[in-house]
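What follows is one structure encoded as structure tokens, with my remarks underneath.
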Number of protein chains: 2
Amino acid sequence: MRSYEEYCAVAKSLDVVGDRWTLLIVRELALRGPSRYTDLRNGLPGIATNLLADRLRELERAGVVAREDAPPPIATTLFHLTPRGEELRPVLDSLFRWGLPLMSEQQPNDAVRSHWLAGALEQTLTDHSPGQPPIEIELRPGDQPIVIQISDGAIRASVGAASDPAATLTGEPRPIMGLLLGLLELEAAQAAGVHFDGDPKVLERIRGGPPVAA
Amino acid sequence: MRSYEEYCAVAKSLDVVGDRWTLLIVRELALRGPSRYTDLRNGLPGIATNLLADRLRELERAGVVAREDAPPPIATTLFHLTPRGEELRPVLDSLFRWGLPLMSEQQPNDAVRSHWLAGALEQTLTDHSPGQPPIEIELRPGDQPIVIQISDGAIRASVGAASDPAATLTGEPRPIMGLLLGLLELEAAQAAGVHFDGDPKVLERIRGGPPVAA
DNA sequence: CAGCATCCGCTTTGATACTG
DNA sequence: CAGTATCAAAGCGGATGCTG
């Protein structure tokens, strides 16, 4: 990207991460950890392969990303965030939060990946009853399952199966997210094809309320 | 901008504010409040006028910016952030913080505006002695003067003159910022042409230390 | 197959000129 | 002051081909 040539911290940041696709590449590495080129491409549907290569080079030059040639048995290149790259998490988090209200409308051809949803959920859900025992909830939004772990006031959401879920939600991504983000009631979500299995009270424990002041 | 067509909150955010210049327009409105078209152009050196018009239209459609035709005596159009637009401040703040380390190198043809520097300073400086009486520091980085107001642990930095400054700093923007951000010692800043007037202790009270975890 | 580089048509941006 | 109009240059998207 052409530099803005402004002596301003925001402009300097955007000189590095303001290009199309760049922050989404950082998102992939932040959500999934060290990744292969092919995994990155899979998490960025629509990116031109030469652009991904270009951006990775630029991010490497900027000290945000580093590549490591994995040892012989694996024999592949892994890209990962440097400490400086990890410091971009607050930027991603604020964008996650700002974009949550836009999740209510899912365009018909929007791609879906479970790890994106997990990232969004970690930014919104809160444990309203920290005293309660730890529980897990499993989501099956068509893609891979997502497990939400609630324990001692902390929320962790990641791709994977729950061992002993207190509840499971199966259905389309949009109504599932609408329900969890607090934009949809359980009845409305069920009418939209969501199958809820478990104790409805667990929903009340974690549902995102009105947007949090950040 | 073409949509990323991803059902991800970050991608949805970037669909709205990921275009070139867009976040800088929001920065201008956030730092300066309601502004005229011409003021925006002045705060965005290098932007093509058709692009500014385009972006403002898109931001209006997205509900981030609104325009008001000021009443007859003023007879001009003012652009301002909507509440939804104000919610982008955490995004700007995180970009301000991330970009601070990049402020140490000022490219020879970087444009400088005092309100950008004020924004950066508010993100870094902290009042390390909240018990002390309120003081003001004035900066004269060539452009317009900046006043830093320190009182009760809070820092405010804005364009304008101080009434009774406890210290003044005159010189080039880069060494002044380097000194305040904690990247440069007073002697080094003075060697770089900064003229410091006042009690050096006030510097210790507010200087930014190592980057804060956000 | 993983990790690119090249080519080409299309879209976006930059610079400048012009207008109510 | 607050834009619109025009056009060249740069960037992007999609397809394809190459190399270990």
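Numbers restart at 1 for each chain; the letters A, B, ... are given by sequence-line order, proteins then strands. Only a predicted model underlies this, so the values are computations on that prediction, with no experimental measurement involved. No hydrogens, no waters, no symmetry mates; every other heavy atom, side chains included, goes into these values.
Residue Trp21(B) has a polar side-chain atom (N or O) positioned under 4.0 Å from OP1 or OP2 of dG14(C). Regarding contacts with the backbone of dG3(C), every side-chain N or O of Arg57(A) stays at 4.0 angstrom or more from both OP1 and OP2. Contact between the side-chain N/O atoms of Thr76(A) and the OP1/OP2 oxygens of dA2(C) is not found at any separation under 4.0 Å. The phosphate of dA2(C) has neither OP1 nor OP2 within less than 4.0 Å of any side-chain N or O from Arg67(A). The phosphate of dG14(D) (OP1 or OP2) has a side-chain N or O of Arg2(B) nearer than 4.0 angstrom.
Look at CG on Leu24(B): it is 13 Å from P on dT13(C), rounded to the nearest Å. Atom CG of Leu56(B) and atom C1' of dA2(D) are 11 Å apart (whole Å). Straight-line distance from the CG atom of Leu40(B) to the C1' atom of dA2(D): 11 Å, rounded to whole Å. Rounded to an integer number of Å, the gap from CG of Asn50(A) to C1' of dT16(D) is 11 Å. In this structure, the CG atom of Leu52(B) is 10 Å from the P atom of dT4(D), given to the nearest Å. The separation between Phe79(A) atom CZ and dG3(C) atom P is 6 Å, rounded to whole Å. Remark: P of dC4(C) and CG of Leu59(A) are 13 Å apart, rounded to the nearest angstrom. Per the geometry, CZ belonging to Arg41(A) stands 13 Å off C1' belonging to dG13(D), to the nearest Å.
For Arg36(A), whose side chain is taken as the heavy atoms from C-beta onward, the closest listed nucleotide among dC4(C), dG3(C), dG3(D) is dG3(C). The side chain of Arg20(B) has dT13(C) as its nearest neighbour among dT13(C), dT6(D), dC4(C).
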(Q) Thr76(A) vs Tyr37(A), test: side-chain hydrogen bond (donor to acceptor under 3.5 Å, both in side chains). Steps then yes/no. (A) CA-CA 9 Å; Thr76(A) 187; Tyr37(A) 188 88; over 6 Å; no
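Among the protein residues, Ala53(A) comes within range of the sugar-phosphate backbone only, with heavy atoms under 4.0 Å from sugar or phosphate atoms but none that close to a base. When heavy atoms are screened at a 4.0 angstrom cut-off, Thr49(B) is found touching base atoms of the nucleic acid.
With hydrogens and angles left out, the side chain of Asp19(B) and the base of dT12(C) share no donor-acceptor pair within 3.5 Å.
In this structure, a donor-acceptor pair under 3.5 Å is absent between the side chains of Gln190(A) and His195(A).
Within the cation-pi definition used here (under 6.0 Å to the ring centroid, within 45° of the axis), Arg89(B) does not qualify as a partner of Trp98(A).
When atom types are taken as modelled, the side chain of Thr82(B) and the backbone of Gly63(B) share a donor-acceptor pair closer than 3.5 angstrom.
With DNA chain D read from its 5' end, the first of the two nearest nucleotides for Thr38(B) and Arg55(A) is the one closest to Thr38(B).
No side-chain heavy atom of Val91(B) sits less than 4.5 Å from a side-chain heavy atom of Val17(B).
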